[in-house]
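Numbering of ligands and ligand atoms starts at 1, following listing order. Position 1 is the first residue of the sequence; numbering continues from there.
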Amino acid sequence: MRIAIGSDHAGFPLKAELVERLRQDGYEVDDLGTHSTESCDYPDTARPVAEGVSQGRYRLGILICGTGIGMSMAANKVPGVRAALCSETFSARMARAHNDANVLCMGARVIGPGLAYDVARAFLESEFEGGRHQRRVDKLTALERGDA
Ligand code: RB5
């Protein structure tokens, strides 16, 4: 599975660790930056990851900042993106299964690398269940489009 990953400076060390571990697991991971701990602005990396997912270049994306909050706010501004901020595996599984989330956001100052890896794996390995959840996701899309 091809995925995109991005972070700001606060998320950079955790991103680097996750990129390595997920590649070892066989995921094709495109690292869209940032590439150092030099201060930067989270929307600048949220944008290419979210647009890449929205435009179909990546099936799923992962975004990491200090809290994950800024990244989730930024990613959810991109039409077609359903970004979920998760700090434990149950929410990560449900975000895929019930909400068809396509971007996972995490806070590097909130969770450690071991849990972040488990959360990422839970997210990447779970599938959308469809059914009644599809109707709800369709209503999210209608909200986004401003449909009546
Ligand atoms: C950077 O200091 C921090 O504000 C950022 O990483 C993120 O937590 C914002 O939501």
May I ask you to identify, for [X], whether its side chain, its backbone, both or neither come under 4.0 Å of ligand 1 on a heavy-atom basis?
X    : result
C65  : both
T67  : both
R109 : side chain
M71  : neither

| So, does M73 sit close enough to ligand 1 that a heavy atom of it is under 4.0 Å from the ligand? | no

Taking N or O atoms only and a 3.5 Å limit, does [X] qualify as a polar contact for ligand 1?
X   : result
I69 : no
G70 : yes
Y42 : no

Between [Y] and [X], is there a salt bridge with N-O shorter than 4.0 Å?
X    : Y    : value
D100 : R96  : yes
R59  : E127 : yes
D30  : R57  : no

| Any side-chain donor near an acceptor of the partner, S91 and E88, under 3.5 Å | yes

Atom indices of ligand 1 within 4.0 angstrom of [X] heavy atoms, with elements:
X   : result
H9  : 1 (C), 2 (O)
A10 : 6 (O)
G66 : 5 (C), 6 (O), 7 (C), 8 (O)

Which heavy atom of [X] sits nearest a heavy atom of [Y], and at what distance?
X   : Y   : result
T37 : F12 : CG2-CD2, 3.6 Å
P48 : T45 : CD-O, 3.3 Å
A84 : A95 : CB-CB, 3.7 Å
V49 : G61 : CG1-CA, 4.1 Å

| task | Among all protein heavy atoms, pick out the one at the shortest distance from atom 6 (O) of ligand 1; state its residue, atom name and that distance to 0.1 Å. | result | D8 OD2, 2.5 Å

| Is there a path from V119 to L63 through hydrophobic residues (I, L, V, M, F, W, Y) whose side chains come within less than 4.5 Å of each other? | no

| Test item: protein heavy atom less than 4.0 Å from atom 4 (O) of ligand 1 | no

